[in-house]
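Counting begins at 1 with the first residue of the sequence. Because only heavy atoms are used, hydrogens play no part in the values below, and waters and symmetry mates are left out as well, while side chains stay in.
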Amino acid sequence: MLVDSHCHVDFPELGDSLFDVLGRAKAAGVSHLLCVCVNLEDYPNMLLLTEPYSNIFVTVGIHPNTAFDPAQEPELGDLIRLASDPRVVGIGETGLDYFRSSGDLGWQRHRFVQHIAAAKHVGKPLVIHTRDAREDTIDLMRSEHATDAGGVMHCFSEDWATAKAALDLGFYISFSGIVTFKNAETLREIALRVPDDRILVETDAPYLAPEPHRGKTNEPAFVSCTAERIAGLRGISIETFAELTSDNFFQLFKQAPRYPV
């Protein structure tokens with residue numbers, strides 16, 4: 001069985017029909033999923049929506065593109081308190097994004113530092129987003145000792161040098177449906193080079209549906225398409241790849257119980 005290591009099933013595109021979404025996921029061989037937080041305003045509803053399902057794990061954090069509002073920006077103590085909830089298995093998503101945000105982004109870097117500190121304090125891994133900010137992301141991970149918390153570079157679409165730097169810091173690399181796109185040959189080469197014990201797969205649903213579903217609303221069931229493509233690249237069966245990526249997920253997110261589904 002597969003694990004969708006990063007999705008947003010609380011978003012309306014999926015949350016309004018979550019029972020059916022999970023049914024399709026199970027039929028596609030997807031046993032567990034990680035629902036990733038992007039802002040604290042919607043976090044309580046995310047917890048409420050996913051609470052009935054023991055195979056949905058959650059994170060807490062603020063996406064780097066969530067607008068900066070001094071009145072809403074959490075202090076380190078706030079993040080630590082929220083992250084101490086036993087249902088929370090990771091911190092994020094967090095990181096840096098210079099593609100969608102512009103101007104003085106000191107607030108974004110400060111937010112990232114706060115998340116790293118919270119993750120180290122509670123002993124839960126980071127879910128890191130980076131776009132057009134690869135050098136600053138890695139530099140902050142190094143300077144703030146993010147390796148003490150560990151984590152995953154989610155929806156990876158950077159170069160091999162960035163992947164290698166993250167791997168050297170003890171991080172995992174997660175691939176989304178982007179790896180199936182026709183113009184993603186370089187990314188497929190990276191997916192071949194990531195060690196067996198550091199690779200994950202995800203959907204980032206409801207976004208980035210893989211081929212042959214590109215253009216549709218993405219959902220956890222479609223992680224099987226991404227897994228099949230990478231398994232083929234690596235010359236192993238989908239069953240073997242599903243087993244190793246699932247094992248990797250539970251090795252990283254140690255507080256996620258591996259209940260049978």
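Taken to the nearest 0.5 Å, the CD1 atom of Ile116 stands 7.0 Å off from the OG1 atom of Thr94. Between the CD atom in Glu228 and the CG atom in Leu233 there is a gap of 12.0 Å [rounded to 0.5 Å]. Separating the OG1 atom in Thr50 from the CG atom in Leu18 is a distance of 8.5 Å, to the nearest 0.5 Å. For the atom pair NE2 of His154 and OG1 of Thr130, the computed distance is 10.0 Å after rounding to the nearest 0.5 Å. Rounding to the nearest 0.5 angstrom, the gap separating the CG atom in Leu140 from the CZ atom in Arg142 is 11.0 Å. Rounded to the nearest 0.5 angstrom, Ile199 CD1 and Ile230 CD1 are separated by 5.0 Å.
Contact check for Arg131 versus Tyr98: no side-chain heavy atoms found under the 4.5 Å cut-off. Within the 4.5 Å cutoff, side-chain heavy atoms of Ile138 are placed close to those of Met141. When side chains are defined from C-beta on, Tyr43 counts as touching Val88, because their heavy atoms get closer than 4.5 Å. Counting only heavy atoms from C-beta outward, the side chains of Met46 and Cys37 approach each other to under 4.5 Å.
Side-chain atoms of Thr147 come within 3.5 Å of backbone atoms of Leu169 as a donor-acceptor pair (strictly under, hydrogens ignored). The backbone N or O of Thr203 sits less than 3.5 Å from a side-chain atom of Asn218, completing a donor-acceptor pair. The backbone N or O of Asp4 sits nowhere less than 3.5 Å from a side-chain atom of Glu202 that would complete a donor-acceptor pair. At least one donor-acceptor pair closer than 3.5 Å links the side chain of Asn248 to the backbone N or O of Asp196. In this structure, Thr180 contributes its side chain and Pro210 its backbone to no donor-acceptor pair below 3.5 Å. Side-chain N or O atoms of Ser143 include one that pairs as donor or acceptor with a backbone N or O of Asp139 at under 3.5 Å. Put simply, the side chain of His115 gets close to the backbone of Ile62: a donor and an acceptor are under 3.5 Å apart. Side-chain atoms of Ser224 come within 3.5 Å of backbone atoms of Ala221 as a donor-acceptor pair (strictly under, hydrogens ignored). Asp204 places no side-chain N or O within 3.5 Å of a backbone atom of Cys155 that could act as its donor or acceptor partner. Lys120 places no side-chain N or O within donor-acceptor distance of the main-chain N or O of Ala117, the cut-off being under 3.5 Å.
The nearest pair of heavy atoms linking Ala83 to Val60 is CA-CG1, 3.8 Å. The two residues Ala119 and Ala149 have their closest heavy-atom pair at CB-CB, 3.7 Å. Contact detail for Ala227 and Val201: the closest heavy-atom pair is CA-CG1, 4.4 Å. Shortest non-hydrogen contact noted between Ile190 and Ala163 is CG2-CB, 4.2 Å.
Side-chain contact check for Tyr172 and Asp197: no donor-acceptor pair (N or O, by modelled atom type) lies under 3.5 Å. Side-chain contact, Glu93 with His6: a donor N or O sits under 3.5 Å from an acceptor N or O. In summary, the side chains of Asn45 and Asp42 do not present any donor paired with an acceptor at a separation below 3.5 Å, with no hydrogens or angles considered.
In this structure, the ring of Phe249 has its center no less than 6.0 angstrom from the ring center of His32.
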Exercise for review: Could you please spell out the steps behind the side-chain hydrogen bond (donor to acceptor under 3.5 Å, both in side chains) verdict for Asp97 and His129?
Suggested key: CA-CA 7 Å; Asp97 190 319; His129 168 111; 2.7 Å; yes
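Of the options Phe222, Tyr207, Phe181, a ring pair (Phe, Tyr, Trp, His ring centres under 6.0 Å) to His213 is made by Phe222 and by none of the others.
The cationic atom of Arg111 (NZ for Lys, CZ for Arg) does not lie both less than 6.0 Å from the six-membered ring centre of Phe68 and within 45° of the ring axis.
A salt bridge is defined here as a Lys NZ or Arg NE, NH1 or NH2 lying under 4.0 Å from an Asp or Glu carboxylate O, and Asp20 with Arg24 fails to meet this definition.
Using the six-membered ring where Trp is involved, Phe11 and His8 have ring planes that are parallel, under 30° apart on the 30 and 60° scheme.
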